[in-house]
Protein chains: 2
Amino acid sequence: MSAHSHTHSDLTKNQSLVMDALSSSEGPLSAYTILDQLRDNGMRAPLQVYRALDKLVEYGLVHRLESLNAFVACRHPNCDSNKTIIFMICEACDKVNEITDAALAKNINKIAASEKFALNKSTVELRGLCPACQTD
Amino acid sequence: MSAHSHTHSDLTKNQSLVMDALSSSEGPLSAYTILDQLRDNGMRAPLQVYRALDKLVEYGLVHRLESLNAFVACRHPNCDSNKTIIFMICEACDKVNEITDAALAKNINKIAASEKFALNKSTVELRGLCPACQTD
DNA sequence: CGCAATCTTGTAATGAGATAACATCACCTA
DNA sequence: TAGGTGATGTTATCTCATTACAAGATTGCG
Ligand SMILES: [Zn+2]
Ligand SMILES: [Zn+2]
Ligand SMILES: [Zn+2]
Ligand SMILES: [Zn+2]
């Protein structure tokens, strides 16, 4: 099975639990927050959560936010995690908006090429205020 | 004093020690690695290092690499940490190349504006192989 | 000078994020 | 049924970062 064809029904028990926790959250969750939420479902140790997260990230269903040490469910239809994803993280309400932008992806590839850098993964995380939190 | 006019001579003892450690390193260092290197210079506890790092980052002399939980001395002449900085991190030799790109900065600002996102800070970290490590 | 305000430093303890090591279990297949 | 593979469970440990409190050092008045 390809890394991008996973549906929810393919997931193992722990993966499903973690996926559900992230999907039903408004914002990103840390591994330990997920663990706390799933204590009653048999989740006992951090490693159980991290293992599930590793797989979910590998399948492209979940993204890791490097600047937050947290994880978020992908809400981007047909998301290709190999492409350059832009995360806009609200510092007030913690909600995350995930978008792609062809021009920016192209720009980053061009920059890497011009520096002869063999690009493997791009992290673009923007911090600021989402529209709803700009009360002005 | 403005946040961007700090010279090395303005720094306190601990700030200078940490700055020197980062400046003489080929790649990024974690706070605890810096601590270990400075044990003989009176540095005893993590907080001493983190306090110095906080100031150095504030002054724009040091950048934090979110995807590594590590810090690197700025080697960009006239670096304005308010601008969009692109870090290219080699996954083989751990060296970091720091560049700016006007087109990319403009692109990011445009994306944020189009989403009505009040941009505060941009994190752009590219992982891959530097030219020297592409032996192919 | 004397004193207060402020900044920097020192130290211990704790919180938060992530992984190593090892044992066990479920499932598929030869 | 024996063996391989992947998922799980459990403990301990490691790395990264902050809280809380105390003690010096510095500056700027009155
Ligand atoms: Zn996505
Ligand atoms: Zn918001
Ligand atoms: Zn810089
Ligand atoms: Zn390299």
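Naming convention: chains lettered A, B, ... in sequence-line order (proteins, then strands); numbering from 1 in each chain.
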I would like to know whether B:S122 and B:I108 meet side-chain contact (heavy atoms from CB on, under 4.5 Å); could you show each step before the answer?
-> CA-CA 8 Å; B:S122 303; B:I108 286 180; 3.9 Å; yes
5'-most to 3'-most nt of DNA chain C touching chain A (<4.0 Å, heavy-atom partner on protein side) reads C:dG17 to C:dA21
Could you please spell out the steps behind the salt bridge (charged side-chain N to carboxylate O under 4.0 Å, His left out) verdict for A:R127 and A:E125?
-> CA-CA 7 Å; A:R127 310 293 291 269; A:E125 299 182 9; 5.8 Å; no
Give the C-alpha distance, both sets of side-chain angles, the deciding distance and a yes or no for side-chain contact (heavy atoms from CB on, under 4.5 Å) between B:Y59 and B:L11.
-> CA-CA 10 Å; B:Y59 300 157; B:L11 302 178; 3.9 Å; yes
Evaluation steps, side-chain contact (heavy atoms from CB on, under 4.5 Å), between A:D101 and B:N107 | CA-CA 9 Å; A:D101 184 275; B:N107 208 330; 3.8 Å; yes
More than 12 heavy atoms from other groups under 6.0 Å of CZ on A:R75 = yes
If only side-chain N and O atoms of A:Q48 are considered, is one of them under 4.0 Å from the OP1 or OP2 phosphate oxygen of D:dT8?
-> no
To the nearest angstrom, the CG-P distance between A:D54 and D:dT8 comes to 12 Å
Whichever of B:Y50 and B:L47 has its nearest DNA chain D nucleotide further upstream toward 5' | B:Y50
Tell me which of B:N69 and B:P46 sits closer to the 5' end of DNA chain C, going by the nucleotide each one is nearest to.
-> B:P46
A:N14 CG to D:dG6 P, straight-line distance once rounded to whole Å | 17 Å
Does A:T12 put a side-chain nitrogen or oxygen below 4.0 Å from OP1 or OP2 of D:dT8?
-> yes
Starting at NZ of B:K13 and ending at C1' of D:dG24, how long is that distance when rounded to a whole Å?
-> 13 Å
Mind calculating the distance between CG (A:L17) and P (D:dA7) to the nearest angstrom?
-> 15 Å
What is the distance from CZ of B:F71 to P of D:dA17, rounded to the nearest Å?
-> 5 Å
Between atom SG of B:C90 and atom CG of A:N120, what is the distance when rounded to the nearest 0.5 Å?
-> 10.5 Å
Take the protein atom CG of B:L68 and the nucleotide atom C1' of D:dA17, then report the distance between them rounded to whole Å.
-> 16 Å
B:H63 and B:F71 aromatic centres sub-6.0 Å | no
Phosphate oxygens OP1/OP2 of D:dT19: is one of them under 4.0 Å from a side-chain N or O of B:R51?
-> no
